[in-house]
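A short worksheet on the structure shown next.
Being a predicted model, the structure only gives us computed values, none of them experimental. Just follow the structure's listing: the first ligand is 1, and inside any ligand the first atom is 1. If you read the sequence from its start, that first residue is 1, and numbering goes on from there.
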Amino acid sequence: MKFLHVVGARPNFMKAAPVYRALAGTGHEQVLVHTGQHYDALMSDVFFKALEIPNPDESLNVGSGSHAQQTAAIMSSFEPVVLARQPDVVLVYGDVNSTLAATLVSSKLGIRVAHVEAGLRSFDRSMPEEINRLVTDQLADILFTPSADGNENLAREGVQEAKIFLVGNVMIDTLIRFLPRADEIFPHLKAELSLGSFGLVTLHRPSNVDEGATFLPMLETLDSLSETLPLIFPVHPRTRQKWSARLEQCNPNLRVIAPLGYLEFLALQKHARVVITDSGGIQEETTYLGTPCLTLRENTERPITVTLGTNVLIGRNWELLRKQFHEALSGDRKQKGRLPLWDGKASERIAGILTRQSS
Ligand code: UD1
């Protein structure tokens, strides 16, 4: 059997790493393709190094563009690679444009697609990722879900039950593996950033950062909250590009810094008093770590982080943000329970299913 993994953007790397490692133990052949959707060293190379992912066998170097341009560029450079490599299964991860593009190409070539992190739904089609999820899951042949809500969503959309496997959360596999290393580097990081008590902020969704009418009041609220608790804000290139001049005028307690590596960011998530974010993966990581998470979105494709975890949806309600922020600092909010199958073994389950299907 030959497995071909496709990664492209930052949130893919921590999902592919444990699956690649688990399959490496089975003796089957593996090929790693990096589309180059993310290309800055801080968005890509540092993750390969920290997560001990081997160098890609193929780098497509597609770079940025509109959704159509980026998706089309990945498709046209990926097709000859799949034709040359002839994999038995193409593994795609999460919900980024690289996931969708590789799925479309592989399905049309009659190659089986396995989707890791299948079934998540925000039910908000204004999110580009929701479109990517819907199409990928309709075309995929093997769907690995992180939680039972994923199975319910897929059943509702008519995906055959026999194709769906509830395996748990691969990103948590990576977190569990690397948490001791993140703990090791934390004292150094703390000294380097002169950290006392702090909160952590990330924002990159187009719906939050592209328009001033949304982003500027959000930033003003963060500016004012940072007077109560210093906030560390590692800025995604998209947000930096759009708002560099405004970001320079932030309150010095809202500390705007370059994107961080995996271990550094994990260490900060663990020790932050509160995390404010619009990321999907961070909602899950904070839930696992027990850190209060305030999500600046109206919806989430990861509802168990709200029902079982530490996540609260804030939307654009700045009063609610202030209230929840102070509540998080008061230490009253507690994790509600352990999440089923978030046990560090999801990727082993995936490798077991894939290799059993081949024998
Ligand atoms: C993508 C994913 C999103 C994921 C996010 C994590 C899609 C539709 N979106 O969004 O789901 O949460 O990655 O970061 O796939 N840029 C750089 N350097 C880079 C990469 C991007 O400067 O290495 C800049 C470019 O100006 C680019 C912009 O960031 O146009 C946005 O990058 P893009 O890959 O289009 O989407 P993300 O916002 O990163």
Nearest to atom 22 (O) of ligand 1, what protein heavy atom do you find, and at what distance?
Pro237 CB, 3.1 Å

re atom 16 (N) of ligand 1, the protein heavy-atom contact at minimum distance is Tyr39 OH, 3.5 Å

Please report the interatomic distance CG(Asn151) to CD1(Ile164), rounded to the nearest 0.5 Å.
5.5 Å

Those atoms of ligand 1 less than 4.0 Å from some heavy atom in His67:
8 (C)

At what distance is the nearest protein heavy atom to atom 18 (N) of ligand 1, and which residue and atom is it?
Asp40 OD2, 2.9 Å

Give me the residue, atom name and distance of the protein heavy atom closest to atom 2 (C) of ligand 1.
Val96 CG1, 3.7 Å

Among protein heavy atoms, which lies nearest atom 25 (C) of ligand 1, and at what distance?
Ser64 OG, 3.3 Å

Contact check, side chains of Glu284 and Leu175, non-hydrogen atoms, under 4.5 Å
no

Using a cut-off of 6.0 Å, state whether more than 12 heavy atoms not belonging to His188 lie near its atom NE2.
no

How about Gln37 and Asn97: does a side-chain donor come under 3.5 Å of a side-chain acceptor?
no

Nearest neighbour of atom 11 (O) of ligand 1 from the list Gln69, Glu129, Arg10, on a heavy-atom basis
Glu129

Separation of Asp149 CG from Thr307 OG1 (nearest 0.5 Å)
8.0 Å

Atoms in ligand 1 flagged as close to Gln70, the criterion being non-hydrogen separation under 4.0 Å
34 (O), 35 (O)

List the closest protein heavy-atom neighbour of atom 8 (C) of ligand 1: residue, atom name, distance to the nearest 0.1 Å.
Asn97 OD1, 3.3 Å

Could you tell me whether Gln37 and ligand 1 have an N or O pair separated by under 3.5 Å?
yes

Does atom NZ of Lys163 have more than 12 heavy-atom neighbours from other groups under 6.0 Å away?
yes

Counting from 1 in the order shown, the ligand 1 atoms closer than 4.0 Å to a non-hydrogen atom of Gln241 are 22 (O), 24 (C), 25 (C), 26 (O)

Working for salt bridge (Lys or Arg N to Asp or Glu O under 4.0 Å), residues Glu129 and Arg205
CA-CA 10 Å; Glu129 294 81 2; Arg205 292 219 169 271; 2.9 Å; yes

Is the backbone N or O of Ala9 less than 3.5 Å from a side-chain atom of Asn12, with the two atoms forming a donor-acceptor pair by type?
yes

Atoms in ligand 1 with a heavy atom of His204 nearer than 4.0 Å
4 (C), 5 (C), 6 (C), 12 (O)

Mark yes when over 12 heavy atoms from residues, nucleotides or ligands other than Arg125 sit less than 6.0 Å from its CZ; otherwise mark no.
no

Quick check on contacts: which atoms of ligand 1 are under 4.0 angstrom from a heavy atom of Pro11?
4 (C), 6 (C)

Looking only at protein heavy atoms, which one is nearest to atom 13 (O) of ligand 1, and how far off is it?
His38 CE1, 3.2 Å

So, Asn132 and Thr99: side-chain donor and acceptor under 3.5 Å apart, yes or no?
no

Contact between ligand 1 and Arg240 is defined here as a heavy atom of the residue under 4.0 Å from a ligand atom; is it met?
no

What's the shortest distance from atom 28 (C) of ligand 1 to any protein heavy atom, and which residue and atom give it?
Arg238 CB, 3.9 Å

Backbone or side-chain N or O of Asn132 under 3.5 Å from ligand 1 N or O:
no

Aromatic plane relationship, Tyr93 with His5 - under 30° parallel, 30 to 60° tilted, over 60° perpendicular
parallel

